[in-house]
Amino acid sequence: MFWQKSFFFERLKLLRCGLQSRWRSRSSGAQEGALRYREGQQVHGFTVTQVTPVSDLFLTAVKLTHDSTGAQHLHLARDDSNNLFSVQFRTTPMDSTGVPHILEHTVLCGSKKYPCRDPFFNMLNRSLSTFMNAFTASDYTMYPFSTQNAKDFQNLLSVYLDAVSYWTEQEGWRLENENPTDPNSPLVFKGVVFNEMKGAFCDSESMYAQRLQNLLYPDHTYAVVSGGEPLTILDLTWDQLKQFHATHYHPSNARFFTYGDLPLEQHLKQIHENALSRFERIEPNTAVPLQPNWDKPREYHMTCAPDALAHDPHRQNTLCIAYLLGDITDTFEVFTLSLLSSLMVSGPNSPFYKALIEPKIGTDFSSVVGYSRNTRQASFTVGLQGVAEADLEKVKRIICQTVDDIVANGFEEERIEAQLHKIEIQMKHQSTSFGLTLACYIAPCWNHDGDPVKLLQISESVAEFRRCLRDHPYFLQDKVKQYFKENIHRLTLSMSPDQFYFKKKAEEEEAKLQQKVAVLSKQDKKDIYEKGLQLLSAQSQPQDTSCLPALKVSDIDPTVPATPVQMGHAGGVPVQYCEQPTNGLVYFRAMCSLNTLPEDLKPYVPLFCSVITRLGSGALDYRQQALLMELKTGGLFITPQVIPDSDDLDTYEQGILLTSSCLERNLPDMFHLWSGIFNNPHFDDNERLRTLLTMDAQELSNGIPNSGDVYAMTRAARSLSPAGELMEAFCGMEQVAFMKRIAEQSDLTDILRKLPRIKRHLLSQDSMRCAINAAPQNVPGASLELEKFVKSITTRKKELKPVRRNIIEFGNEGSAPQQQDPNFKPCQMKTYFQMPFPVYYVGQCVRTVPYSHQDHARYAPSVGGASIGFIVCMEN
C-alpha cells in the first residue's frame with residue numbers, strides 16, 4: 001500500500017482494532033523488567049546501547065545494535081498486552097519505476113520457508129492479530145503487525161522475518177492477453193502495483209501532493225515517485241528489482257521495533273536466529289543528503305482532470321506556496337515548527353484561516369497544508385483549492401501579506417496555551433493501537449538516524465519551548481521570519497483542470513503499449529499467452545497453506561477479561577460508569593436517538609453533526625467556542641450512528657454519538673460547552689454555515705478516488721438490510737450527491753430553518769443515554785458535573801412520537817432503543833455510477849449471518865467480520 005503518513009499522534013482513521021488491550025498505568029512489570037538491561041550488555045547477538053525510562057508515556061526504551069549486521073532495534077517496554085512488531089527499511093529509489101512499492105507487494109506473496117501464495121492474507125484466519133499490513137513511504141518501507149497472544153506473536157514474527165529476508169520471484173507488471181484464454185485478444189498491461197498507481201494518479205489531490213514533493217526536493221530520491229509512476233513502472237526489469245532488494249532489504253539497512261509487555265529477549269532470540277545470523281554487515285549507501293538551497297523562489301504549473309462533482313465548475317484551480325524547513329532529526333525544531341504550523345493554519349482563529357477561508361476565495365485549504373516531516377527536511381505548505389483562475393494571483397498576495405502580519409503581530413497567548421494543552425491531551429490519551437501510533441510517529445526521524453527516544457520525551461520539548469518563550473518574547477515571530485518571510489527556498493505550485501487530461505493519459509499508455517508490443521516476436525506472444533494460462537490456472541487452484549504456522553486451542557486463553565461497569569442515572573438519564581486508568585483524562589460519550597426525527601430531515605443529519613459544534617453557542621461566537629474547546633478539552637465531536645443488532649440483521653439502532661474528553665480539572669468547562677450546544681446553538685450565521693458547507697462538500701468530493709471501494713460496498717449493502725439502507729443515506733454516494741446539491745444553493749435560508757428542527761429532536765435528555773470512563777478517584781466528580789449538565793438541558797414542551805408508524809421499537813430502560821421495519825425486504829440490486837476518472841471500483845455484497853450466529857466465524861476471515869459480506873460498480 002502506497003502510504004502518505006499522518007502526523008503527531010493523529011488518529012489512524014483506517015485502523016479498526018476489534019480487541020481491547022489491557023493497559024495498566026499503575027503496574028510497571030514490563031517497564032521495570034526492561035530497566036535491568038545495562039549499556040554494553042550482549043543479548044542474543046545484540047548489544048544494548050541505551051536504556052531510558054520515558055515517564056511521559058509510561059514506558060522504558062531499550063536501544064540495541066546487532067553485532068554482525070549493524071541492524072538497529074528499539075524496544076518500548078510498556079504494560080500493554082497489544083504487542084507490536086515492525087521492521088522498516090530505508091528505501092530510496094532514484095527513479096519512478098516504483099521498485100520499493102513493487103517489492104512491498106512481492107514480499108507479501110510468499111517466501112522461502114512459506115512458499116504458498118498470499119501467506120499474509122492466509123494468516124488472517126490462523127491468527128488473532130489486531131493489525132497486519134505494510135506501507136511504502138517516500139523513503140522507507142514498513143512491515144508492522146500486532147497481537148495480544150504470545151504464541152501468535154512468534155508465529156507472525158516468523159512469517160514476517162522470512163518474507164523480508166527470503167522473498168520469492170513475483171511479477172511487478174506484465175503483458176497479458178486481455179482475455180487470458182483467447183490468444184487473439186489484444187495484449188494489455190496488467191499488474192497490481194501498476195493498477196494501484198493508476199488509481200492514485202487519478203486522484204487530483206494525491207497527484208498534487210506528489211508533484212509538490214518532487215519539485216520542492218528536486219535533487220535526490222524525493223524527486224521521483226516511490227510508489228511508481230504508472231508508465232515508468234513499465235520500465236522496471238527483474239534485475240533492477242533483485243538488486244534493489246539485495247541492498248535496501250539487507251539487515252544493515254533495517255530498523256526493528258517491538259512494543260508491549262512481552263519479554264524482549266524472546267524477540268531478539270527469534271530475530272537473530274531466524275534472520276540476522278545468516279547475514280554479514282554491508283554498507284547499503286541509502287542515506288538521503290540534504291537538499292541544496294535555491295538562490296531564488298520557483299513557480300510551476302500542472303494540470304489535472306476536471307472535478308465533475310465540484311459545486312462550481314468555474315472554480316477548480318488550486319494554488320499553494322511550500323517552504324523548505326529544517327532537518328527532522330532536530331527534535332526541538334520539529335516540535336517548535338509543528339506547533340507553529342498549528343498556530344498558523346489550524347482552526348477559525350488561525351491567521352491563514354481568517355485570510356484565506358473566510359473571504360470565500362476558495363472552497364478549502366489546498367490538499368497539502370501545514371507542517372510535514374515525511375522527508376529528511378520538513379516543509380510547510382499553505383494554499384487554497386476551488387479557486388477561480390482570476391483569483392490565483394490574489395491568493396499569492398494574501399499568503400505573503402499574512403506572513404508579514406504574523407511577523408508584526410505574533411500570536412495571542414491563549415492560542416499558544418491551547419496548542420500546548422492539546423499536546424498534553426495527546427500525551428495522556430491511550431488507545432488500543434498505541435504501539436502502532438508510536439511506530440509510525442518515530443519512523444521518519446529514526447529512518448534518517450535521528451534519536452527516536454528523544455522524540456518521545458515530549459515534556460522536555462514542552463519545557464524548553466516555554467523557556468524560549470519566556471526568555472525571547474519574539475521567539476515565534478523570529479521563526480516565522482526565518483523560515484517563511486526570508487526563506488528563498490519556496491515553491492509556488494498551481495493546478496488547473498484540463499478536459500482532455502484522461503484522454504492524453506490514455507494515449508500515452510497506448511503509445512507505450514504499442515512500443516512494447518512492436519518488438520515482440522510470434523514466439524514472445526505465444527510465451528505471454530502460455531504464461532497467462534499458467535497464472536490463471538495457479539490462481540484458480542486451492543492453496544496448500546499447511547506450511548504456515550497456526551494457533552492451537554491450547555495457545556488461547558479460554559477466559560476473556562471482563563470490564564466491570566456500573567449503571568446509574570444523572571437527572572433521569574441512564575449512565576454507564578467505567579473505572580479505568582485513564583491517566584487523568586475523563587471520557588464522555590452520549591447517544592441520542594433519531595427515532596422521532598421526520599424522514600425529510602434525515603439526509604441533513606450528517607451536515608448537522610458536522611456543523612453544530614462549529615457555529616458558536618450561548619455567549620460564545622464560533623471563534624471563542626473553538627478556542628475554549630482547545631484550551632479545555634480534547635475536542636467535542638458528533639457523528640451519525642447506525643448500529644446493526646448482533647442477533648438480527650433486520651434490527652438496528654439509529655442515533656448520533658457525542659464524544660469528548662478532558663483533563664479532570666476541566667470537567668466543568670467541558671460540560672458547559674456541551675450545555676451551550678444543547679440549549680443555545682447559533683443558527684443565524686448564514687456566512688459561517690456557507691463556509692462550513694462548502695468545505696464539507698469539497699472534502700466529500702475529494703475523498704471518492706481514494707475511497708471508491710468503500711462507497712461501492714456501502715452502496716451494495718443498501719438493499720440487504722435496513723441498517724445498510726440508512727448507512728448509504730448517511731455516508732454513501734447518496735450523501736455525496738446530496739451535499740453537492742445543497743452546496744450549489746445560493747440561498748441557505750431553508751437549511752438554517754431545518755437545523756433547529758433537527759436539534760429539537762436530537763439534543764434532548766428524553767432520547768439520551770451516557771457513559772463516563774475515568775480513573776476511580778475521578779468518577780464522583782465526573783458524575784456530579786454530568787448531573788449538572790443533564791439538568792441544564794432544556795426539556796421538551798411535549799413528547800415527540802416516532803414518525804414512521806410501520807417501525808417497531810423495543811428496548812429496556814438504559815439499553816439501546818432498537819427498531820425493526822417489517823416492510824423492508826432484502827433484495828438483490830445492481831447499481832452503476834459513471835465517475836469522472838478511469839478507475840473501476842467494484843463491490844459485491846452478500847447477506848450472511850449476524851454476529852452472534854454460530855456460523856459467523858466462518859465468514860469473518862473473508863469479509864472482515866461483517867454481518868453483511870462484501871465480495872454496484874463505479875467506473876469511468
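- A donor-acceptor pair under 3.5 Å links the side-chain atoms of Ser852 to the main chain of Ser646, judged by distance alone.
- Atoms CG and CD1, from Leu615 and Ile677 in turn, are 9.5 Å apart once rounded to the nearest 0.5 Å.
- For the pair Thr691/Tyr353, a side-chain contact is recorded, criterion being any heavy-atom separation below 4.5 Å from C-beta on.
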- [ ] Please lay out, stage by stage, how Met591 and Glu653 fare under the test side chain to side chain contact (heavy atoms under 4.5 Å, CB included).
- [x] CA-CA 10 Å; Met591 188 76 169; Glu653 179 186 8; 3.6 Å; yes

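- Side-chain atoms of Gln735 never come within 3.5 Å of backbone atoms of Pro606 as a donor-acceptor pair (strictly under, hydrogens ignored).
- When all heavy atoms are compared, the tightest approach of Gln698 to Asp307 is NE2-OD2, 4.3 Å.
- With respect to the salt-bridge test (charged N to carboxylate O, under 4.0 angstrom), the residues Glu687 and Arg690 do not qualify.
- Between His429 and Tyr587, the ring centre distance stays below 6.0 Å.
- A salt bridge links Glu785 with Lys788: the closest approach of a Lys/Arg side-chain nitrogen to an acidic carboxylate oxygen falls below 4.0 angstrom.
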TODO: Please test Leu658 against Phe637 for side chain to side chain contact (heavy atoms under 4.5 Å, CB included), starting from the C-alpha separation and ending with a verdict.
DONE: CA-CA 6 Å; Leu658 289 65; Phe637 308 98; over 6 Å; no

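- For the pair Thr714 (side chain) and Val710 (backbone), a donor-acceptor distance under 3.5 Å is present.
- Rounding to the nearest 0.5 Å places CZ of Arg589 at 9.0 Å from CD1 of Ile772.
- A ring-centre distance under 6.0 Å is not found for Tyr841 and Phe833.
- In this structure a side-chain-to-backbone donor-acceptor pair under 3.5 Å is present from His761 to Thr596.
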Task: side chain to side chain donor-acceptor pair (under 3.5 Å) evaluation trace for Asp645 with Gln820 - done: CA-CA 10 Å; Asp645 184 63; Gln820 290 179 337; over 6 Å; no

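- Side-chain contact of Gln385 with Asn702: a donor-acceptor pair under 3.5 Å is present, judged by distance alone.
- Side-chain contact between Pro581 and Gln430: absent, with no pair of heavy atoms (C-beta onward) separated by less than 4.5 Å.
- In this structure, a donor-acceptor pair under 3.5 Å is present between the side chains of Ser792 and Ser675.
- Contact between Val575 and His569 at its shortest, heavy atoms only, is CG2-C, 4.1 Å.
- Under 4.0 Å is where a charged nitrogen must lie from a carboxylate oxygen, and between Glu734 and Arg718 at least one such pair does.
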TODO: Using the side chain to side chain donor-acceptor pair (under 3.5 Å) rule, take Lys791 and Gln765 through it: C-alpha gap first, then chi angles, then the decisive distance, then the call.
DONE: CA-CA 9 Å; Lys791 288 182 177 178; Gln765 57 178 272; over 6 Å; no

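- No donor-acceptor contact under 3.5 angstrom links the side chains of Gln818 and Tyr652, judged on distance only.
- Contact check for Lys632 versus His421: no side-chain heavy atoms found under the 4.5 Å cut-off.
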Task: Verdict with supporting geometry, Thr432 and Asn82, side chain to side chain donor-acceptor pair (under 3.5 Å) - done: CA-CA 7 Å; Thr432 54; Asn82 195 28; 5.6 Å; no

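- Using a 4.5 Å cut-off on side-chain heavy atoms (C-beta onward), Leu420 and Leu339 make contact.
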TODO: Evaluate side chain to side chain contact (heavy atoms under 4.5 Å, CB included) for Met670 paired with Leu667, printing each intermediate quantity in order.
DONE: CA-CA 5 Å; Met670 181 180 76; Leu667 270 167; 4.0 Å; yes

TODO: Report the C-alpha separation of Lys602 and Glu599 in whole Å, then their side-chain angles, then the decisive distance to 0.1 Å, and conclude whether the salt bridge (Lys or Arg N to Asp or Glu O under 4.0 Å) test is met.
DONE: CA-CA 5 Å; Lys602 274 193 178 178; Glu599 289 297 304; 3.4 Å; yes

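- Interatomic distance, CZ of Arg665 versus CG of Leu663, reported as 4.5 Å (0.5 Å rounding).
- Residues Asp364 and Thr694 form no side-chain contact, since every pair of their non-hydrogen atoms from C-beta on lies 4.5 Å or further apart.
- A 6.0 Å sphere centred on CE of Met727 holds no more than 12 heavy atoms belonging to other residues, nucleotides or ligands.
- Screening Thr633, Leu786, Thr659 for a side-chain contact (heavy atoms from CB on, under 4.5 Å) involving Phe588 leaves a single residue, Leu786.
- Side chains of Leu607 and Phe738 form no contact here, defined as non-hydrogen atoms less than 4.5 Å apart.
- Taking each heavy atom of Cys592 and Leu762 in turn, the nearest pair found is CB-O, 3.2 Å.
- Taking the centre of each ring, Phe365 and Phe352 stay at or above the 6.0 Å mark.
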Open item on the list: For a side chain to side chain contact (heavy atoms under 4.5 Å, CB included) check, start with the C-alpha distance between Lys422 and Ser346, then their side-chain angles and the critical distance, and finish with the verdict.
Closed with: CA-CA 12 Å; Lys422 185 185 296 185; Ser346 179; 4.0 Å; yes

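- Atoms CD1 and CG, on Ile758 and Leu601 in that order, are 5.0 Å from each other to the nearest 0.5 Å.
- Residues Gln654 and Gln641 fail the side-chain proximity criterion, which asks for heavy atoms closer than 4.5 Å.
- At most 12 non-hydrogen atoms from other residues, nucleotides or ligands lie less than 6.0 angstrom from CD of Glu414.
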- [ ] Kindly determine whether Asn680 and Ser617 satisfy side chain to side chain donor-acceptor pair (under 3.5 Å), including the steps that lead there.
- [x] CA-CA 5 Å; Asn680 191 20; Ser617 62; over 6 Å; no

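- Distance check: Leu784 CG to Phe671 CZ gives 10.5 Å after rounding to the nearest 0.5 Å.
- For the pair Arg614 and Tyr622, the NZ or CZ position fails the cation-pi test of under 6.0 Å to the six-membered ring centre and within 45 degrees of the ring normal.
- Pairing each heavy atom of Gln580 with each of Pro776, the nearest pair is O-CD, 4.3 Å.
- Nearest heavy atoms, Ser342 versus Gln419: CB-OE1, 3.2 Å.
- Under the 3.5 Å distance criterion, the side-chain polar atoms of Arg769 are left unmatched by any main-chain donor or acceptor of Val573.
- Heavy-atom minimum distance, His682 versus Gly618: NE2-O, 2.8 Å.
- Using a distance-only test at 3.5 Å, with no hydrogens or angles considered, a donor-acceptor pair links the side chain of Ser721 to the main chain of Gly724.
- When atom types are taken as modelled, the side chain of Asp621 and the backbone of Gln624 share a donor-acceptor pair closer than 3.5 angstrom.
- Side chains of Ser610 and Asp696: a donor on one and an acceptor on the other come within 3.5 Å.
- Between the side chain of Ser701 and the main chain of Ala697, no donor-acceptor pair closer than 3.5 Å is present.
- No hydrogens or angles considered: a donor-acceptor pair under 3.5 Å links the side chains of Ser81 and Gln148.
- Contact of the Ile742 side chain with the Met739 side chain is registered, since non-hydrogen atoms from C-beta on lie closer than 4.5 Å.
- For the atom pair Glu417 CD and Leu627 CG, the distance stands at 11.0 Å (nearest 0.5 Å).
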